[in-house]
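In this text, all values refer to a predicted model and were calculated from it rather than measured experimentally. Below, each value reflects all heavy atoms present in this structure, side chains not excepted, and no hydrogens, waters or symmetry copies.
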Amino acid sequence: MFKSIFIIMILFINIITYIQQRKMYRMENGIVLYTNIPQSFYDRGEIKKIIIDGKKSTYVFFLLSSIFTILVAIFYDSIISMLLDIIIIMIFYPFILQKYINRMRIFINENTVKDSYENKKIIDFDLIKKRDKFIVKPRYYIFIFAIYLIAIILAFVYEKTYPFFMWIFLSLSMMMSDLILDKNLMKNSIVAYTDNSKRNIFLNEKIAKNQANVLFMKSLINSIVFILLVSSIIINPFSMLTFFIYIIAISFSMIYAFYKYKKLRNDPILSRVNTSNISSNVEYYNAWGYNNPDDKRLLVPRLNGLGQDLNMGRALGKILYFVSISILFFLVLVINKTFNSPTQYTYVLENNRIEISSNQFYDDTIRVEDIKSLKFLDKLPEGRLIRIGGNSLEKTNTGNYMIQNYGKVRLYIYNSTKNVVEIKTSDKNFLINENSNVKTQKLYKRLKNYIK
Amino acid sequence: MVIEVDLSSKIPIYRQIADKIISLIAKGDFKAGDRLPSIRNLADICGINPMTANKAYKILEENDYITINKRSGAIIKGKNKISENELKNLKLCLLKLYASGMRKENIKKYINDYLEEI
C-alpha cells in the first residue's frame with residue numbers, strides 16, 4: 001500500500017512535469033521555445049519540424065521514464081531508489097528542452113536578419129501607474145479568513161483527532177497558498193494590448209475584475225470545503241470517504257479556476273486588439289530558468305507560465321540553485337535514514353522510570369508511579385488505525401495514533417508482531433511491542449516485575 | 001501615455017525609450033514632479049531588460065530631464081537650462097541641411113511643422 005502510493009505520486013509528478021514541458025512547444029505571443037519568431041516564419045516547415053521533434057522526444061522520454069519508474073519499484077524495494085529515480089527524471093527533462101531551444105535559436109539566427117521582426121513593444125505609462133488597481137484586494141480575503149477561523153474554533157471546541165496547532169497550521173497554509181497564488185496570478189497578467197492608454201486600462205480592469213472573481217470563488221470554495229472537512233472529521237474521524245471527497249473537491253476547484261482563468265485570456269474582446277507584445281528579454285531564458293549577469297534582479301517573471309525564475313547569471317542565483325539541490329539530496333538522505341534503516345525500539349527500565357526510545361524522532365519517559373495499568377494484549381485493539389502525528393512505515397508504526405473505539409494512543413509497534421503491551425498512565429496510553437511475540441511476552445514480564 | 005519601441009530598429013532600445021520620454025515631456029504629457037515607473041516595474045510588466053531601462057533613465061538623468069532618487073525613484077524635473085551642447089547640435093543640423101542644398105525657407109517650414117506637432 002505504502003509503496004503503491006509512492007509510485008503513484010512519482011508517476012503523477014512525472015505527468016505534471018511532462019505537461020509543463022509540452023507547454024514550451026506552444027506558440028504564445030510570437031514566442032516558442034524561448035525564441036522570438038518573426039510573423040512571416042509562423043508557417044515555416046522547419047519551425048514546425050523542430051516543434052514536432054521536440055514534442056516527440058519529450059513524449060518518448062516521458063514513456064521511458066514512467067516504465068523505468070515502475071521497473072525500479074519492482075526490482076529495487078527501497079524508497080531511496082524511487083526518490084533518486086524521480087530526481088534523475090527531473091534533471092533530464094531540461095536537457096531535452098534546451099536541445100530544441102538551441103536548434104530553434106540557431107535556425108532563427110541563420111535565417112533572419114533583425115529587420116524581419118515586425119513586432120513592436122508598447123510601453124503604457126498610465127497602465128503601469130495603475131498596476132496596483134489590478135491586484136486582488138486583500139480586503140476580500142477577510143471573509144475567507146473568517147471561515148478558516150470558524151474551522152479552527154470548531155476544531156478547538158470539538159477536538160477529537162489532530163492536535164490544535166495542526167489545524168492552525170493546516171488552515172493557515174491553505175489560506176496563505178491561496179493568497180500567494182492569487183497575488184502572483186494577478187501580478188503577471190497586466191498587458192498593454194493597444195496604443196491607447198484608456199483602452200488598455202479598460203481591458204485590464206475588465207479582465208482583472210473577472211480574474212479576481214474567479215480566484216476569489218476558488219479560495220471561497222477551498223475554505224468552505226475545508227470547514228466541511230473539519231465538521232465531518234468531528235462527526236466521524238474514521239471516515240476515509242471525507243478525505244477522498246475533500247481531495248476531489250479541492251482538485252476540482254483548482255482545475256475549474258485555472259480553466260476559467262485561462263479562458264478569460266481568450267476573451268473575444270481581446271481578439272480584436274493587438275496582443276503581440278513580445279519580450280525583449282527572451283534570449284536570456286533557458287531550460288533551467290534565466291541567465292543574465294547584467295540583470296540585478298534575483299527573481300524574474302517566468303516567461304511561460306506563472307511564478308518567478310531564478311536569475312542564474314548572478315552569483316547569488318547560482319548559490320541558491322545549488323543550495324536548493326543540495327537540500328534536496330540532503331532530504332533524500334534523511335528520508336533514506338528514516339525509512340530505510342531498521343526501526344529499533346529500546347526499553348530501558350531504570351531509576352523508577354521506563355525510557356522508550358526509537359530512531360524515528362519519538363521518545364518517551366514514563367514514571368512508574370504514573371502507571372495506572374499494565375496489560376498484555378494478544379493483538380492491537382480492533383478498529384481502524386489513523387495516524388495523527390508519527391511515522392507510519394511498512395514495518396513499524398511510531399508516534400501518535402487514534403484507534404477506532406479505543407481512543408488516542410502512543411504507538412511503538414512492529415507490525416509483524418501481533419502481541420502488544422498496553423501501558424496506561426493518567427494522561428497517555430501506550431501500546432508497545434518487540435519484533436517477535438516471544439520477545440514481547442518477555443518484555444511484558446520484565447515490565448510487570450519492574451513496576452511491582 | 002503610450003510609447004512604441006521598435007525592436008527591429010537599429011537604434012538601441014534604451015535610446016528609443018529615452019527619446020520617446022523626452023517627446024512626452026515636450027508635449028506636456030509628463031509634467032515636473034511626475035514620477036516615472038521604477039526600473040523593476042518597467043522590466044517586469046513590459047518584459048524589458050532592466051539594464052535597458054536603467055540606461056534609458058541614465059540618459060535622461062545626464063541630460064537633466066529627470067532626477068533619480070533611491071527612495072522616490074525617477075522624477076521629472078522642471079524646466080531645464082538650455083544646454084550649450086544641444087544648441088550647437090541644432091546649429092550643426094541646420095548647417096548640414098543648408099550644405100546639402102535645402103533652401104532657408106524650406107528649413108524654416110520644417111522647423112515650424114515640427115514645433116506645431118509638439
Find out whether the Lys NZ or Arg CZ of A:R44 is both under 6.0 angstrom from the six-membered ring centre of A:F41 and within 45° of the ring's axis. yes
Can you name the nearest heavy-atom pair linking B:A74 to B:I66, along with the distance? CB-CD1, 4.0 Å
Verify whether the ring centers belonging to B:Y14 and B:Y57 lie closer than 6.0 Å. no
Honestly, the part of B:I17 sitting under 4.5 Å from a heavy atom of chain A is side chain
Between the side chains of B:N112 and B:E116, does any donor sit under 3.5 Å from an acceptor? no
Does any heavy atom of chain B fall under 4.5 Å from the side chain of A:N292, the backbone, both, or neither of them? side chain
At a heavy-atom distance under 4.5 Å, which candidate from A:D124, A:L127, A:N196 has the highest pair count against chain B? A:D124
Relative to chain A, which of B:S38, B:P50, B:P37 shows the most heavy atom pairs under 4.5 Å? B:P50
